[in-house]
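FYI, side chains are in, hydrogens and waters are out, and symmetry mates aren't considered; it's all heavy atoms of this structure.
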Amino acid sequence: MENSRLPQTFFRREAPELARELLGCILVRQTPAGITKGLIVETEAYSQEDAASHSYKGETARTAAMFGPAGHAYIYFTYGMHYCFNVVSGGIGHGQGVLIRALEPLEGIELMKQRRHKHDNHELCNGPAKLVQAMGITRADYGKALYKGNLYIEKSSGNAIEIKSGPRIGITKAMDAPWRFWIDGNQHVSR
DNA sequence: CTATTGATTGAT
DNA sequence: TCAATCAATAGG
């Protein structure tokens, strides 16, 4: 039985706000091999006016999903070996999204360990390309809607969390923008 | 700290 | 066609 899946309307807001709202929500992946769930503990916002964003120079074949409707998946391949997962935010044509940087594993942990070839819980989802691997997300999920289908997000449990923010990681431009958000004190944040 | 690895992009 | 860049990770 499925808990409350977030509807498309939830994602229709500006990236920094959505990045905050997604903290404490649960990313869910259903596959024939089993279900995996993780609490979202770290995010980063990217917008079109932002020099560090893939959408900064306008829409390209690679970034098309960022300019599409909110609540869909933008997945990019980088460094010749890693995929990362974003949730598209804002309106159609806006070119923005929220990078999911880290999860706290909740369910399907054995499956995550198999996919990651790791046995330490803290090494399963504490980085953007790591959680993609642990959740079994692939290029085939590019552009897919998260408000339907087998990859989706459940609403926050409502537990009180303290949110911190700071500069984003791994970028070489707009390093002053404090658009990385994380749950204070959570042990699964990437660093 | 370094090596890895190849798609994407914009300039020749 | 070519070269630079890259929202990262694993292993010393």
Side-chain angles (χ1 to χ4, degrees), chain A residues 11 14-23 25 27 36 38 40-68 70-90 94-105 112-144 146 151 153 163-183 186-191:
Chain A
F11 304 103
E14 295 303 294
E17 183 188 343
L18 181 63
R20 284 179 165 274
E21 292 295 326
L22 284 173
L23 292 175
C25 294
L27 181 64
T36 46
I40 298 173
V41 300
E42 182 182 358
T43 60
E44 283 181 2
Y46 288 89
S47 80
Q48 196 170 353
E49 299 72 30
D50 166 15
S53 173
H54 292 163
S55 59
Y56 183 60
K57 294 173 184 169
E59 181 173 347
T60 64
R62 180 198 196 195
T63 63
M66 289 187 83
F67 291 81
H72 287 239
Y74 166 54
I75 294 162
Y76 66 87
F77 182 66
T78 190
Y79 293 109
M81 60 186 96
H82 299 303
Y83 288 94
C84 296
F85 168 70
N86 294 244
V87 179
V88 176
S89 61
H94 284 211
Q96 54 174 262
V98 176
L99 171 68
I100 307 301
R101 282 198 59 89
L103 306 173
E104 175 180 331
M112 290 184 186
K113 288 178 177 175
Q114 289 173 28
R115 288 171 173 156
R116 290 272 302 127
H117 308 292
K118 297 279 179 185
H119 291 87
D120 180 348
N121 279 28
H122 291 88
E123 286 296 318
L124 296 177
C125 299
N126 63 334
K130 296 181 187 180
L131 84 267
V132 158
Q133 189 181 9
M135 300 294 283
I137 296 170
T138 70
R139 178 61 214 257
D141 295 301
Y142 184 96
K144 282 169 73 174
L146 304 176
L151 177 63
I153 299 174
I163 296 174
K164 296 235 174 189
S165 65
R168 292 168 293 183
I169 293 176
I171 56 174
T172 56
K173 300 163 190 161
M175 303 182 62
D176 48 312
W179 281 359
R180 169 175 175 246
F181 304 93
W182 66 94
I183 296 178
N186 189 285
Q187 298 305 300
H188 298 268
V189 169
S190 65
R191 56 177 99 161

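If you measure from atom NE2 of A:His82 to atom C1' of B:dT8, you get 17 Å, rounded to the nearest angstrom. Rounded to whole Å, atom C1' of C:dT9 lies 10 Å from atom CG of A:Asn126. The CG-P distance, from A:Asn86 to C:dA8, rounds to 11 Å in whole Å. Atom-to-atom, OH of A:Tyr142 to C1' of B:dA7 comes out at 13 Å; the value is rounded to the nearest Å. The CD-P distance, from A:Glu123 to C:dA8, rounds to 16 Å in whole Å. With rounding to whole Å, A:Arg116 atom CZ is found 11 Å from C:dA8 atom C1'. If you measure from atom CZ of A:Phe77 to atom P of B:dT8, you get 9 Å, rounded to the nearest angstrom. Taking atom CE on A:Met81 and atom P on C:dG11, their separation rounds to 12 Å, with Å as the unit.
Side-chain atoms of A:His82 and A:Tyr76, non-hydrogen and from C-beta on, never get closer than 4.5 Å to each other. Contact annotation: the side chain of A:Asp50 approaches that of A:Trp179 to within less than 4.5 Å [non-hydrogen atoms, C-beta and beyond]. The shortest side-chain heavy-atom distance between A:Leu103 and A:Met135 falls under the 4.5 Å cut-off.
OP1 or OP2 of C:dG11 lies within a sub-4.0 Å distance of a side-chain N or O belonging to A:Lys118. Dashed line: the shortest gap from a side-chain N or O of A:Arg101 to OP1 or OP2 of C:dA8 is under 4.0 Å. Residue A:Thr78 places no side-chain N or O under 4.0 Å from the OP1 or OP2 atom of C:dA8.
No contact: A:Arg168 has no heavy atom under 4.0 Å from any strand. Contacts of A:Arg191 with the nucleic acid, taken as non-hydrogen atoms under 4.0 Å apart, are absent. The residue A:Ala129 sits close only to the backbone: its heavy atoms come under 4.0 Å of sugar-phosphate atoms, none of a base. Base engagement by A:Leu99 is indicated by at least one non-hydrogen atom pair under 4.0 Å involving a base atom.
When both distances must be under 3.5 Å, the Watson-Crick or G-U wobble mate of B:dT5 does not exist. Pair assignment for C:dA7 gives none, since no Watson-Crick or G-U wobble pairing has each distance under 3.5 Å. Checking B:dT12 for Watson-Crick or G-U wobble geometry (two distances, each under 3.5 Å) identifies no partner in any strand.
For the 3.5 Å distance criterion, the side chains of A:Gln133 and A:Arg115 fail to qualify, holding no donor opposite an acceptor. Between A:Gln96 and A:Ser89, the side chains place a donor N or O and an acceptor N or O closer than 3.5 Å (distance only, hydrogens not considered).
Aromatic ring pairs are classed by plane angle as parallel below 30°, tilted from 30° to 60° and perpendicular above 60°; the pair A:His54 and A:Tyr74 is perpendicular.
When distances are taken from the side chain of A:Arg62 to each of C:dA8, B:dT9, C:dA10, the shortest belongs to B:dT9.
No option in A:Asn126, A:Asn186, A:Asn121 other than A:Asn186 meets the side-chain hydrogen bond (donor to acceptor under 3.5 Å, both in side chains) test with A:Glu104.
Centre separation under 5.5 Å together with a plane angle under 30° does not hold for the ring of A:Tyr79 and the six-membered base ring of B:dG6, so they are not marked as stacked.
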### Task
Test side-chain contact (heavy atoms from CB on, under 4.5 Å) on A:Thr43 and A:Leu23 and set out the steps.
CA-CA 7 Å; A:Thr43 60; A:Leu23 292 175; 4.0 Å; yes
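Contacts with DNA chain C (heavy atom under 4.0 Å) in residues 172-182 of chain A: A:Thr172, A:Lys173, listed by number.
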